[in-house]
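Note that the numbering runs from 1 along the sequence shown for the chain.
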Amino acid sequence: MKIYPQQLVIVIAIVILGACGNNTKISMGACGNNTNISNGDTNTTSGNTDTSKDTKDVVYRGVTTKTGRIWLDRNIGASRVATSSSDVASYGDYFQWGRPADGHQHSNSPEIGSVQANTISPSSNSGFITVDSNTADWVRSGVDDNGTQREAFLQKTDGTGICPQGYRVPTVAEWRAELNASSQDMSSSVLKLPLAGFRDGITGDMKQAVGYYLASDSSSQKQVKFLFLDQNRRGKIETKGRAYGYSVRCIKAQSGEKAPVIVPSDDHSNSKDEATPINPNSITPGSIETAGDVDWFKIVIPSRG
């Protein structure tokens with residue numbers, strides 16, 4: 001500690017060994033991601049393919065498209081298959097890109113203003129994070145900027161992502177294959193994709209009349225690619241910010257797919273020289289992602305404070 005004429009600077013390191021031991025109770029994202037989609041993918045001889053059940057007792061079934069691929073029959077969080085493009089019960093949830101099912105995805109979840117997250121796995125029951133017009137991502141700069149960790153998370157098929165076990169978020173190539181098979185007109189597809197709209201990443205407002213469907217692909221400058229459906233359900237691939245809320249339709253993983261490797265993100269620096277500055281009388285969220293993680297913080301206290 002060094003004392004300067006006008007201020008006091010305190011640098012603190014926080015480290016917890018064995019934070020992910022069996023006796024440690026952690027919130028979502030501290031040492032892994034536990035979503036509201038439970039395991040339970042079972043084979044069935046009736047219907048098209050598989051069935052899977054989430055904790056809301058919603059039963060998802062598999063449907064086979066013209067490409068030969070198997071998809072869920074409804075959006076994640078939807079209580080039923082769409083009966084029309086404007087069937088509200090089929091809209092489901094709205095996920096910010098790469099964010100787990102922590103409560104933000106519900107259409108009525110509160111927005112928490114332009115307070116970007118310090119980790120790609122915020123605590124449970126977090127609200128929808130809005131950003132300003134100059135910001136595209138719901139996490140702060142320096143946290144998974146290239147999107148590789150969240151891309152791997154969206155591709156998880158073990159039931160700990162946002163899709164049921166055996167399923168994952170589709171890639172842009174898989175969406176393009178469906179568009180080509182349907183000549184860009186998804187109105188007659190067995191997927192029955194509703195025009196669920198999207199949640200605006202700047203205002204937090206719900207927008208209707210079109211469809212925004214999540215893809216696992218990241219893009220440059222903190223943008224992501226997604227399937228866009230116009231009012232006639234004609235589709236194309238577009239690019240938008242990661243803070244928007246998108247509908248999710250999961251695709252069944254193919255045999256032989258390798259599980260993605262996810263490197264835990266570090267929400268605060270391991271170096272004293274790059275310590276996170278925090279203000280007196282404030283709250284700075286943080287997580288010990290792995291055993292042995294070190295997080296450094298710097299407090300600058302005015303001399304009269």
Side-chain angles (χ1 to χ4, degrees), residues 28 33 35-37 54-56 58 60 71-82 85-117 120-122 124-131 135-139 147 150-151 153-154 161-164 167-170 175 186 191-218 222-231 233 235 238-251:
M28 181 187 302
N33 297 295
T35 72
N36 66 347
I37 303 298
D54 71 9
T55 55
K56 297 178 183 177
V58 175
Y60 300 99
W71 297 68
L72 292 185
D73 62 348
R74 70 197 70 188
N75 293 351
I76 289 296
S79 60
R80 68 184 182 193
V81 176
S85 63
S86 59
D87 179 10
V88 176
S90 70
Y91 287 174
D93 295 329
Y94 301 85
F95 286 82
Q96 295 184 294
W97 187 81
R99 191 171 170 183
D102 54 16
H104 84 282
Q105 72 276 12
H106 305 308
S107 60
N108 61 351
S109 66
E111 59 175 283
I112 57 177
S114 301
V115 182
Q116 292 170 284
I120 62 173
S121 301
S124 183
N125 298 319
S126 296
F128 188 85
I129 297 174
T130 55
V131 298
T135 307
D137 209 341
W138 55 271
V139 296
R150 284 173 285 177
E151 189 170 331
F153 170 74
L154 293 174
I162 60 177
C163 293
Y167 289 78
R168 57 171 171 74
V169 174
W175 275 128
M186 300 297 287
L191 293 178
K192 298 182 179 180
L193 299 172
L195 300 180
F198 62 94
R199 191 163 184 182
D200 195 294
I202 298 175
T203 66
D205 296 335
M206 294 298 307
K207 308 288 186 179
Q208 302 298 338
V210 294
Y212 278 35
Y213 281 85
L214 201 65
S216 59
D217 304 60
S218 61
K222 298 187 178 181
Q223 305 285 313
V224 293
K225 299 175 181 178
F226 64 98
L227 171 67
F228 170 79
L229 297 179
D230 65 18
Q231 294 180 352
R233 284 198 278 191
E238 290 197 349
T239 303
K240 213 166 186 63
R242 296 173 180 174
Y244 281 73
Y246 302 86
S247 299
V248 175
R249 182 64 66 94
C250 301
I251 189 171

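The CZ atom of R168 sits 10.0 Å away from the SG atom of C250 when rounded to the nearest 0.5 Å. Here CD of Q223 is found 7.0 Å from OG1 of T239. Values are rounded to the nearest 0.5 Å. Rounding to the nearest 0.5 Å places CD of E111 at 8.5 Å from CZ of F128. Atom OH in Y60 sits 15.0 Å away from atom CH2 in W71 (nearest 0.5 Å). Once rounded to the nearest 0.5 Å, the distance linking CG of L229 with CG of L193 reads 6.0 Å. Between atom CG of residue L227 and atom CG of residue L214 there is a gap of 10.5 Å, rounded to the nearest 0.5 Å.
Taking the six-membered ring for Trp, Y213 and F226 have ring centres at least 6.0 Å apart. When ring centroids are compared, Y246 and F95 stay outside the 6.0 Å threshold.
R249 contributes a side-chain N or O that, together with a main-chain N or O of L72, makes up a donor-acceptor pair within less than 3.5 Å. For W175 (side chain) and G235 (main-chain N/O), no donor-acceptor pair under 3.5 Å exists by modelled atom type. Judged by distance alone, with hydrogens and angles left aside, the side-chain atoms of Q116 form a donor-acceptor pair with the main-chain N or O of D137 at under 3.5 Å. Under the 3.5 Å distance criterion, the side-chain polar atoms of T203 are left unmatched by any main-chain donor or acceptor of D200. In this structure, Q96 contributes its side chain and A243 its backbone to a donor-acceptor pair below 3.5 Å.
Both the sub-6.0 Å distance and the 45° axial angle are satisfied by R99 relative to the ring of W138.
A 4.5 Å side-chain heavy-atom check between V248 and D93 finds every atom pair outside the cut-off. Looking at S107 and Y94, their side chains come closer than 4.5 Å, going by heavy atoms from C-beta outward. The closest side-chain heavy-atom distance from I112 to I129 is below 4.5 Å. Looking only at side-chain heavy atoms (C-beta outward), S90 and P194 come within less than 4.5 Å of each other.
Summarising the geometry of G241 relative to V224, their closest heavy-atom pair is O-CG2, 4.0 Å, with the distance given to 0.1 Å. The two atoms that bring S216 and V169 nearest to each other are N-CG1, 3.7 Å, heavy atoms only. The two residues I76 and C163 come nearest to each other via the heavy atoms CD1-CA, 4.5 Å.
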Dump the intermediate steps for side chain to side chain contact (heavy atoms under 4.5 Å, CB included) on I120 and F153, then the final yes or no. CA-CA 10 Å; I120 62 173; F153 170 74; 5.9 Å; no
Kindly determine whether K225 and D217 satisfy salt bridge (charged side-chain N to carboxylate O under 4.0 Å, His left out), including the steps that lead there. CA-CA 6 Å; K225 299 175 181 178; D217 304 60; over 6 Å; no
Please lay out, stage by stage, how L195 and Y91 fare under the test side chain to side chain contact (heavy atoms under 4.5 Å, CB included). CA-CA 8 Å; L195 300 180; Y91 287 174; 5.6 Å; no
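Ion pairing between D87 and R74 fails under the 4.0 Å rule for side-chain N and carboxylate O. Taking 4.0 Å as the cut-off between side-chain N and carboxylate O, K192 and D73 do not count as a salt-bridged pair. Ion pairing between R233 and D230 fails under the 4.0 Å rule for side-chain N and carboxylate O.
With 3.5 Å as the limit, one finds a donor-acceptor pair spanning the side chains of S109 and R199. For E151 and S218, the side-chain atoms include at least one donor-acceptor pair closer than 3.5 Å. Donor-acceptor pairing under 3.5 Å is lacking for the side chains of H106 and N108.
Aromatic ring orientation, F228 versus Y212: perpendicular (interplanar angle above 60°, classes split at 30° and 60°).
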